[in-house]
Amino acid sequence: STVICVFEKDAIEIDEDLLSNSARSLETLVQVGMKLGVSTRKLSEIKL
Amino acid sequence: MGHGSSKEDSPSGSKEEGSSRISHLKQRLHLHRHHHGRSSGSSSYQKILAAGGFAGIALLTLIHAEMKFKDKWLACVSLGEQTFRTEISDHTDRPVWKSEKKLLLEKNGPHVARISVFETNRLSRNNLIGYCEIDLLEVIIRDGDSDFDVFDLLDPSSSDIVVGKIFLSCSVEDPIETEKRFARRILSIMDYNDDAKLSFSEFSDLINAFGNQLAADKKEELFKVADKNGDGIVCADELAALLAIQQEKEPLMNRCPVCGEILKVSDKLNTMVHLTLCFDEGTGNQVMTGGFLTDKQAAYGWMFKLSEWAHFSSYDIGINSGSSSSHILVFDRKTKRLVEELIDGKIVLSMRAIYQSKIGLGLMDKGAKELLQNISEKHGRRMNLAESAQDIPKFVEFFKDQIRLSEVKYPLEHFKTFNEFFIRELKPGARPIACMERDDVAICSADCRLMAFKSADDSLRFWVKGRKFSIQGLLGQDVYSNAFIDGALVIFRLAPQDYHRFHVPVSGTVEKFVNIPGCLYTVNPIAVNSKYCNVFTENKRVVSIISTADFGKVALVAIGATMVGSITFSKKEGEYVKKGDEFGYFSFGG
């Protein structure tokens with residue numbers, strides 16, 4: 001079974017390690033509660 | 001051919017040689033014909049002899065080697081386009097592998113094997129130290145009392161220099177034994193209750209899976225033919241006899257259900273041999289690892305296996321290109337190490353047969369979708385019976401390194417059925433939630449193997465190969481909105497051993513749930529990486545929309561899979577959910 005999460009465009013900045021493993025077609029073993037990413041809305045506010 | 005075998009060469013002289021070859025081949029064959037009075041195996045055997053050549057399965061065992069210095073060694077065997085490798089030995093100058101591999105020797109096919117021995121190196125590439133080339137037919141027919149043959153290993157830069165010796169054995173399997181073993185393998189696929197016998201319903205499923213419409217139309221007739229003693233079930237021997245009889249009259253299988261290759265009606269022995277090897281691949285029955293195209297590739301070790309999975313994921317050239325995929329590599333985020341994920345060989349076999357060839361997916365249109373549904377429902381019912389609780393200890397033992405019972409809320413005795421254990425809860429605090437106080441930080445929804453992409457396009461480039469995949473197709477018309485176009489996509493894949501409850505990744509309000517009916521394909525990478533299969537857009541699923549302050553709308557799609565097709569939610573529409581809250585679970589069923 002699988003769960004797929006779809007976010008709206010530019011809504012999340014996913015953690016880089018997860019993205020880079022996936023870009024190598026390598027799955028990452030994770031557990032419930034581990035950090036997935038941060039809202040970009042908040043990030044852009046902080047940057048401003 | 002062969003370099004410096006310790007045995008004397010066979011005498012020359014064509015007629016004598018032919019007769020000698022046959023008599024020696026007879027000796028080398030492990031004949032048990034007096035135990036089996038059937039004609040088909042005998043005729044197959046006669047055919048080999050009449051042809052004066054050999055077509056069949058050779059069992060090659062790399063026993064050990066004697067090298068001139070100490071190292072950790074691995075050996076590769078290349079025959080035709082295939083290469084297999086042993087495990088890495090201890091640090092020694094006398095490496096012992098005892099690795100076996102069944103090899104198909106066809107009458108007009110390759111029979112000269114190249115054996116390469118490498119010293120291994122953790123940091124750089126492994127180095128080829130010695131090699132030899134061996135005519136397997138010669139080894140098979142060579143006279144001798146010894147159980148093994150010895151060959152010199154030559155220096156790759158100068159064939160005059162001997163750098164070691166390799167000890168190996170090569171024997172031939174009796175065609176009758178091949179036939180029986182094949183019947184046992186094929187029977188095990190549909191033998192849902194593992195009693196090594198097929199009921200009529202299991203037999204029907206098997207005939208359907210062969211994809212031969214003519215045979216499917218007369219299943220009852222075939223069952224009666226197979227059930228020689230009339231006890232209402234077909235055992236392996238009866239199935240073997242049926243396959244042999246039918247093979248003579250009208251073959252049940254027109255194509256190999258594993259690789260999709262068209263089977264030549266005229267070449268029955270080769271057909272049986274081909275099927276046996278195909279069905280054995282990836283089952284863990286054989287010690288050597290395969291799926292490499294060259295010995296250099298095989299010698300790359302871990303890193304090559306990683307890239308093998310990554311780059312051969314479309315399976316364009318047939319399932320054998322990914323034959324080591326019974327071990328999928330994943331990166332453990334916690335330990336920052338690559339780990340191997342074990343999959344039961346039988347599951348791999350079935351998945352490959354179905355998903356990795358055009359013919360396999362073609363079978364889907366001939367009733368296999370219903371078959372998956374039926375298997376899942378049947379399995380669901382079975383897993384809800386009290387007897388299924390007996391499977392829990394075996395399951396825990398098989399995954400002993402991956403299931404931490406100390407985290408489970410209740411002791412094993414608490415679970416009255418397997419399904420209850422499958423949806424086990426964890427102790428409070430067993431899964432700490434990252435940045436609990438910050439709703440702008442999203443968390444992982446499940447204990448799983450995760451893939452994350454910035455967009456659907458990236459997911460198609462690196463992972464999802466189904467040609468019809470799209471966000472719109474995934475979410476369905478009812479909840480799809482333009483805001484999700486080019487949105488990020490995270491795939492949480494749960495393996496059988498995983499904690500099977502999924503949690504809310506973001507805090508917000510559950511807006512709605514939409515049920516989308518569909519199939520129950522497997523969600524294993526074997527299917528997701530197949531361009532012929534559209535798992536995520538065709539499987540049964542429930543789409544939920546969570547409305548959040550920090551991420552806008554987030555769609556969470558729970559996708560059912562073969563066996564595990566039952567999806568239950570523990571939250572309701574309109575409810576506010578905090579990230580980390582349990583959201584639902586998957587269980588056995590259709």
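Model, not experiment: these values are computed from the prediction. Naming convention: chains lettered A, B, ... in sequence-line order (proteins, then strands); numbering from 1 in each chain.
Taking 4.0 Å as the cut-off between side-chain N and carboxylate O, Glu511(B) and Lys553(B) count as a salt-bridged pair. Here Asp498(B) pairs with Arg449(B) in a salt bridge; the nearest charged N to carboxylate O distance falls below 4.0 Å.
Most heavy-atom pairs under 4.5 Å with chain B: of the set Leu18(A), Ile12(A), Ile14(A), this distinction falls to Leu18(A). Per-residue counts of heavy-atom pairs under 4.5 Å with chain A were compared for Asp486(B), Val542(B), Val528(B); the largest is that of Asp486(B). For the options Gly560(B), Ala434(B), Cys444(B), heavy-atom pairs under 4.5 Å to chain A are most numerous at Cys444(B). Among Ile433(B), Val523(B), Asn539(B), Val490(B), the residue with the largest count of heavy-atom pairs under 4.5 Å with chain A is Val490(B). For chain A, the option among Gly552(B), Gly580(B), Ala561(B), Gly565(B) with the highest count of heavy-atom pairs below 4.5 Å is Gly552(B).
Partners of Asp15(A) under the salt bridge (charged side-chain N to carboxylate O under 4.0 Å, His left out) rule, at least two apart in sequence or in another chain, are Lys35(A), Arg333(B).
Ile546(B) does not touch chain A: none of its heavy atoms, backbone or side chain, sits under 4.5 Å away. Interface remark: Leu426(B) contributes no atoms to any contact with chain A (heavy atom separation under 4.5 Å). Only the side chain of Pro505(B) comes within less than 4.5 Å of a heavy atom in chain A; its backbone stays farther off. When heavy atoms are compared at a cutoff of 4.5 Å, Leu19(A) approaches chain B by way of both its backbone and its side chain. For Phe502(B), the part sitting under 4.5 Å from any heavy atom of chain A is the side chain, from C-beta outward, and nothing else. Heavy-atom distances place the side chain of Ile471(B), and not its backbone, under 4.5 Å from chain A. Neither the backbone nor the side chain of Asp458(B) comes within contact range of chain A; no heavy atoms are under 4.5 Å apart. The parts of Lys454(B) that come within reach of chain A are both its backbone and its side chain, each placing non-hydrogen atoms under 4.5 angstrom from that chain. Neither the backbone nor the side chain of Val543(B) comes within contact range of chain A; no heavy atoms are under 4.5 Å apart.
Thr40(A) and Asp10(A) share no donor-acceptor pair across their side chains, judged by distance under 3.5 Å alone. For the residue pair Asp439(B) / Ser507(B), a side-chain donor-acceptor distance below 3.5 Å is found, with atom types taken as modelled.
Between His500(B) and Phe422(B), the ring centre distance stays below 6.0 Å.
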Intermediate values then yes/no, salt bridge (Lys or Arg N to Asp or Glu O under 4.0 Å), Asp440(B) and Arg438(B): CA-CA 5 Å; Asp440(B) 63 316; Arg438(B) 285 179 55 188; 2.9 Å; yes

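Annotation: ring-ring contact (aromatic ring centres under 6.0 Å, His included) contacts involving residues 438-458 of chain B, sequence neighbours excluded, are absent.
Here the side chains of Val506(B) and Phe7(A) are in contact, with some heavy-atom distance below 4.5 Å.
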